[in-house]
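By convention in this document, chain letters (A, B, ...) are assigned in the order of the sequence lines, proteins followed by strands, and residues within each chain are numbered from 1.
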Amino acid sequence: MEKVLVRELIRDSGSYADRQVEVSGWIRSNRDQKAFGFIALNDGTHFNSIQVVYEREFLPNFDEVARLGVGSAITVQGKLVLTPGAKQPFEIKATAVILEGESPADYPIQPKRHTREFLREVAHLRPRTNLFSAVFRVRSLLSFAVHKFFQEKGFIYLHSPIITANDAEGAGELFRVTTLDPGNAPRSENGEIDFSEDFFGRKTNLTVSGQLEAEVFALAFRNVYTFGPTFRAENSNTARHAAEFWMIEPEIAFADLNDNMRLAEEMVKYLIRYILENAAVEMDFFNSFVDKGLRERLQNIVASEFERITYTEAIKILEGSREKFEYPVAWGRDLQTEHERYLTEKVFKKPVFVIDYPKEIKAFYMRLNEDEKTVAAMDLLVPGVGEIIGGSQREERADVLEKRMAEFNINLRDLWWYLDLRKYGGVKHAGFGLGLERAIMYITGVSNIRDVIPFPRTVGSCEF
RNA sequence: UCCUCAGUAGCUCAAUGGCAGAGCGGCCGGCUGUUAACCGGUAGGUUGCAGGUUCGAGUCCUGCCUGGGGAGCCA
């Protein structure tokens, strides 16, 4: 008998019609009557489950099968029958049902609505629910689409290091990496822990960004991207932050901020289009049960020209609006979430690049503009979420960069290799960072980052 | 870290300071085509933890724990 995946049956049910097949999977629901019953079977290869019909007349173990609970694993042999007019397009009339692994009555996932909070507590079982089946399918597809986009453009994929000694970027609190015994660490004369005795002979931490290393590769391969895990030890408990998350960081050489924005806009549209086309069933689910306006909003983004305004223009718009903001608007202050959302949702009603921020509120590596007050930074704001991408043209002039590092109290010696990039064949270059989880949240409408990461790591929580 | 809300059966939730309840799920039974099936019956509780007020606390007070939402910071 032919072993088949549910995905193949759903995509090509016509050619399987009236044939004997064998499928294996987990029971989503089981309803029995006196002489027959129905099982919704999901084998993980497709978002949808298929219906298995079993009849007392043909199954010697009918009573045993009728008692099988949700979550049980079974193998079904039987004939695929098309059922036009019924709720499901086809079903399998079972001639044999073999129990692979039982699931007792205390199985926590029931065929009913559970809260997200409860499902997080059973993160090892939640992939078997509709919502998380859809989320993690999209996460997988989106990851592939990221590679597809950049590889088609000839970008080199760089594995930036996960353990690093960089702590100069100021992107957030660091996770220390050490093999020293915390209770008995070697100490120097002044009583501080002596990291020269540590595994790497110096202080090291988990990376907060692969950007600096990406710049190294951009100045060798021209166009590169990183795509990997990053870590922030911030004590922030929100629906949008995790201690471990994935970032996509392209870096392009012989390119300025405009090239950077063009790349970001093209990438965002590509990723959304890819998911709309390749995860249509999952997107139907999100559009129906998670966020009713989702598909329309995404389609609008794909079709729209992203707006581009300067920070200074943004401040003028905000100052001229009659909206009451909780936080004051003034040139030199960073834009708050409420300001960003007002700009993208109320004023422009589409994605907006805000560029040329005051140098004081942005990172040291961003290129100083001619006015010497602003830097060539860009944030992409989108309706519904706010900031989704942050990037900049990098400072390629060694003297300006050194001056900026001094202003930020960054030790030149720690980043000697970063400065070398400006000394030897330095060219203008730019890049940006996109949080994978933020992108998944935006595309699926799922509003908590803990629900788009398989096993989320947040403050005080590292189960599984 | 700050503000705020919540914690009662396996799950989702009720219960005016006065007998601890329902739906779903489980179990038992019924039903000849179900779709989160339906109908009948049944079991299931240290009300997050520790104190306090009261004749009496799920309910009021204090502290702690856990979780949600918001803010800051950011991706």
For A/His241, report the nucleic acid contact type (base, sugar-phosphate, nothing); a contact means any heavy atom under 4.0 Å. base
Which part of the nucleic acid, if any, lies within reach of A/Ala105 when heavy atoms closer than 4.0 Å are counted: base, sugar-phosphate only, or nothing? sugar-phosphate
Do A/Glu55 and B/G33 share a donor-acceptor pair, side chain to base, under 3.5 Å? no
Carboxylate-amine/guanidinium contact A/Arg56 A/Asp63, below 4.0 Å: yes
Looking only at the side chains, is there a donor atom on one of A/Ser24 and A/Thr75 sitting less than 3.5 Å from an acceptor on the other? yes
Base, sugar-phosphate, or nothing for A/Arg120, non-hydrogen atoms under 4.0 angstrom? sugar-phosphate
Please classify the nucleic acid contact of A/Pro108 as base, sugar-phosphate, or nothing, using heavy-atom distances under 4.0 Å. nothing
Give one of base, sugar-phosphate or nothing for A/Asp106, where a contact means two heavy atoms less than 4.0 Å apart. nothing
Please classify the nucleic acid contact of A/Gln336 as base, sugar-phosphate, or nothing, using heavy-atom distances under 4.0 Å. sugar-phosphate
B/A20 -> Watson-Crick or G-U wobble partner, both distances under 3.5 Å, gives none
With a 4.0 Å cut-off on heavy atoms, is A/Tyr327 in touch with a base, just the backbone sugar-phosphate, or nothing at all? sugar-phosphate
Looking at the side chain of A/Thr337, which of B/U32, B/U34, B/G72 is the nearest nucleotide? B/G72
Hey, does A/Phe245 reach any base, or is it just sugar-phosphate, or nothing, if we go heavy atoms under 4.0 Å? base
Using the P atom as the point on both nucleotides, what is the distance between B/A9 and B/A36, in whole Å? 27 Å
Is the closest side-chain donor-acceptor distance between A/Arg139 and A/Ser143 under 3.5 Å? no
Pick base, sugar-phosphate or nothing for A/Asn448, based on heavy-atom distances below 4.0 Å to the nucleic acid. sugar-phosphate
With a 4.0 Å cut-off on heavy atoms, is A/Ser29 in touch with a base, just the backbone sugar-phosphate, or nothing at all? sugar-phosphate
Residues A/Arg404 and A/Glu395 bridged, charged N to O under 4.0 Å: no
Considering only atom P, compute the distance from B/C13 to B/U54 and round it to an integer number of Å. 35 Å
Can you check whether any acceptor in the base of B/C31 is under 3.5 Å from a donor in the side chain of A/Lys34, or vice versa? no
Distance between P atoms of B/G44 and B/A6 (Å, rounded): 31 Å
Look at all strands and tell whether A/Arg450 reaches a base, only sugar-phosphate, or nothing, counting heavy atoms closer than 4.0 Å. sugar-phosphate
Please give the distance between the P atoms of B/G51 and B/A57 as a whole number of Å. 14 Å
Ignoring hydrogens and geometry beyond distance, is a side-chain donor-acceptor pair present between A/Thr230 and A/Arg232 at under 3.5 Å? no
Base, sugar-phosphate, or nothing for A/Ile109, non-hydrogen atoms under 4.0 angstrom? nothing
Mind checking A/Ala439 for me? I need base, sugar-phosphate or nothing, with any heavy atom below 4.0 Å counting as a touch. nothing
Please tell me which of the listed nucleotides, B/C73, B/C11, B/U12, lies nearest to the side chain of A/Glu234? B/C73
Does A/Gln33 reach a base, just sugar-phosphate, or nothing at all? Heavy atoms under 4.0 Å. base
Does this structure show an ion pair linking A/Asp379 with A/Lys362, if we count only N-O contacts that are shorter than 4.0 Å? yes
Contacts of A/Glu117 and A/Lys93 projected onto RNA chain B by closest heavy atom; the upstream (5') one is A/Lys93
Taking the P atom of each, how far is B/U62 from B/C39, in whole Å? 46 Å
